[in-house]
There are 2 protein chains.
Amino acid sequence: MLYRNLLVTIGGRFMDNKKELPLCPVATTLGLIGNKWKILILRELLSGTKRFGELRSGIPGISQKVLTQNLRSMEEDGIIQRLVYAEVPPRVEYFLSDLGNTLRPIIDVMAEWGLGYQAMVKKNLYETEKMDV
Amino acid sequence: MLYRNLLVTIGGRFMDNKKELPLCPVATTLGLIGNKWKILILRELLSGTKRFGELRSGIPGISQKVLTQNLRSMEEDGIIQRLVYAEVPPRVEYFLSDLGNTLRPIIDVMAEWGLGYQAMVKKNLYETEKMDV
DNA sequence: TGCCTTAGTAACTTTTAGGAAGTAGGCACC
DNA sequence: GGTGCCTACTTCCTAAAAGTTACTAAGGCA
């Protein structure tokens with residue numbers, strides 16, 4: 001593994017150019033998983049190894065190109081690993097590296113917050129409807 | 001407060017069109033803070049009320065336009081609140097709403113992970129240098 | 001009068017994402 | 001033996017988003 005690859009992708013136009021870690025830890029984290037697709041990919045892979053097509057169907061709205069781009073970027077950053085089988089039709093498996101697995105708490109907290117928010121919205125809508133009537 | 005504004009912004013091209021909550025809690029969360037700028041704005045406001053200019057200088061690389069856009073979006077979503085003083089030169093203060101404050105654990109976990117990552121990179125670089133010599 | 005201030009907007013350029021079509025290459029089918 | 005199928009890309013073109021720069025309002029102050 002190339003340790004230098006761990007130096008990531010912050011500070012450029014889309015935090016993807018300069019090989020330099022920002023001082024702020026939050027910005028450092030965002031340098032690796034700063035867009036929503038990477039987080040959704042992470043969410044998918046937290047439940048285990050997935051093929052390209054499985055990721056695509058598991059993440060509604062993502063295009064092939066963007067999925068490929070983000071997978072490559074995450075592989076470069078050492079978050080995920082890529083395993084190509086010399087078969088026809090082609091088969092490529094993706095799974096989290098040890099580093100990628102350490103990101104699990106972040107997704108957990110986000111999932112937890114999302115659940116609470118969904119519940120709040122549901123409750124508020126209900127009360128709003130009651131008030132409307 | 002308009003409760004319906006809590007229904008957010010997921011599923012469109014950039015998760016900002018349809019007023020519909022996704023089933024996945026992670027995607028729900030990403031609908032509100034799915035881009036890096038919002039998370040950095042959140043980080044700034046977690047330490048207290050800030051003026052527009054303070055936010056701008058506290059978040060290196062953000063442009064006026066993008067800061068304005070994200071602040072407006074976060075205000076619509078009920079995460080932050082905006083207070084305009086009728087003064088010249090103008091003064092506008094931003095601060096977290098109660099809802100916005102509930103996002104604190106997410107930023108905390110990201111900061112924690114970022115610290116660990118920074119430490120790892122530093123250590124690995126050091127070892128790599130030793131190996132290179 | 002002229003210049004300072006800050007938050008925001010408008011016009012314009014660059015970057016990124018989306019969509020559709022093309023590629024590889026072994027296999028099944030007619 | 002030609003045709004089509006399968007999957008994981010890749011390429012091309014267009015649309016949308018983000019970035020950059022310049023400009024505005026409107027009172028205070030020299």
Side-chain angles (χ1 to χ4, degrees), chain A residues 9-18 27 30-41 44-45 49-76 80-95, chain B residues 8-18 27 30-41 44-45 49-77 80-95:
Chain A
T9 72
I10 276 265
R13 186 147 198 171
F14 282 91
M15 292 189 161
D16 262 327
N17 305 333
K18 274 199 289 182
L30 290 175
L32 283 119
I33 52 167
N35 79 67
K36 73 174 186 191
W37 295 126
K38 287 184 180 177
I39 294 180
L40 292 174
I41 290 169
E44 290 298 305
L45 293 181
T49 296
K50 293 254 160 52
R51 294 184 59 178
F52 184 88
E54 290 178 296
L55 289 172
R56 200 153 95 87
S57 57
I59 305 174
I62 197 168
S63 68
Q64 289 192 359
K65 194 182 70 171
V66 174
L67 178 54
T68 302
Q69 282 175 345
N70 280 288
L71 287 171
R72 290 281 189 286
S73 169
M74 293 169 81
E75 191 191 359
E76 269 182 40
I80 64 174
Q81 291 182 272
R82 186 167 177 267
L83 189 53
V84 183
Y85 293 86
E87 295 177 1
V88 170
R91 182 155 66 104
V92 182
E93 287 184 351
Y94 293 92
F95 54 97
Chain B
V8 202
T9 70
I10 274 267
R13 186 146 197 175
F14 281 91
M15 290 188 165
D16 263 325
N17 305 333
K18 274 199 287 184
L30 291 175
L32 283 120
I33 52 166
N35 79 66
K36 73 174 184 191
W37 297 125
K38 290 186 178 177
I39 293 180
L40 292 175
I41 291 169
E44 290 298 306
L45 293 181
T49 296
K50 293 254 160 57
R51 294 182 61 177
F52 185 87
E54 290 178 297
L55 290 172
R56 201 154 93 87
S57 57
I59 306 174
I62 197 166
S63 68
Q64 290 192 1
K65 193 184 75 170
V66 174
L67 178 55
T68 301
Q69 283 176 345
N70 281 288
L71 287 171
R72 291 279 190 285
S73 169
M74 292 169 81
E75 191 191 359
E76 269 182 40
D77 291 343
I80 66 174
Q81 290 182 274
R82 186 167 177 267
L83 189 53
V84 182
Y85 294 85
E87 296 177 359
V88 168
R91 181 154 67 104
V92 182
E93 287 184 351
Y94 292 92
F95 53 97

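Chain identifiers are assigned alphabetically (A, B, ...) following the order of the sequence lines, protein sequences preceding nucleic acid strands; residue numbering begins at 1 within each chain. Here the structure is a predicted model, which is why all the values come from computation and not from measurement.
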Distance in angstrom units between [X] [atom1] and [N] [atom2], rounded:
X     : N      : atom1 : atom2 : result
A/F52 : D/dT10 : CZ    : C1'   : 11 Å
B/I62 : C/dA7  : CD1   : C1'   : 14 Å
A/L71 : D/dT10 : CG    : P     : 11 Å
B/K36 : C/dT16 : NZ    : C1'   : 13 Å

Does [N] have its OP1 or OP2 closer than 4.0 Å to a side-chain nitrogen or oxygen of [X]?
X     : N      : answer
B/R91 : C/dA7  : no
A/W37 : C/dT16 : no
A/Q69 : C/dT16 : no

**OP:** Evaluate the side-chain hydrogen bond (donor to acceptor under 3.5 Å, both in side chains) criterion for residues B/Y85 and B/E93: first the C-alpha distance (whole Å), next the side-chain angles of each, then the deciding distance (0.1 Å), finally the verdict.
**Re:** CA-CA 8 Å; B/Y85 294 85; B/E93 287 184 351; 3.1 Å; yes
Subject >> Closest heavy-atom pair and its distance - B/L45, B/L55 >> reply: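 Scanning both residues completely, I find the closest heavy atoms to be CD2-CD2, 3.8 Å.
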Original post:
So which heavy atom on A/R51 is nearest to which on A/P90, and how close?
Top reply: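 Closest approach of A/R51 to A/P90: NH2-O, 3.4 Å.
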**OP:** Answer with base, sugar-phosphate or nothing: what part of the nucleic acid does A/Y94 contact at a heavy-atom distance below 4.0 Å?
**Re:**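 Sugar-phosphate only.
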Original post:
So what does A/R56 touch, heavy atoms closer than 4.0 Å: a base, only the sugar-phosphate, or nothing?
Top reply: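 The residue A/R56 makes no contact with any strand.
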Original post:
Any side chain to side chain donor-acceptor pair (under 3.5 Å) pairs touching residues 54-64 of chain A, not counting sequence neighbours?
Top reply: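 Listed once each, the pairs would be none.
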Subject >> Flag side-chain contact, heavy atom, 4.5 Å: B/F95 against B/I80 >> reply: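 Side chain of B/F95 against side chain of B/I80, heavy atoms only: no contact under 4.5 Å found.
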Original post:
Between B/R82 and B/L71, is any pair of side-chain heavy atoms under 4.5 Å apart?
Top reply: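 Of all side-chain heavy-atom pairs linking B/L71 with B/R82, none is under 4.5 Å.
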Original post:
Sequence neighbours excluded, which residues qualify as side-chain contact (heavy atoms from CB on, under 4.5 Å) partners of B/T68?
Top reply: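 With sequence neighbours excluded, B/T68 shows a side-chain contact (heavy atoms from CB on, under 4.5 Å) to B/F52, B/R72, given in chain and number order.
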Original post:
Out of C/dT9, D/dA8, C/dA17, which nucleotide sits closest to the side chain of A/V66?
Top reply: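 That would be C/dA17.
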Original post:
What nucleotide, of D/dT10, C/dA7, D/dG19, holds the atom closest to the side chain of A/R72?
Top reply: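 It is D/dT10.
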Original post:
How would nucleotides 21-30 of chain D be written as a contact map, 5' to 3', with B for base contact, S for sugar-phosphate-only contact and - for no contact, using protein heavy atoms under 4.0 Å?
Top reply: -B---BB---
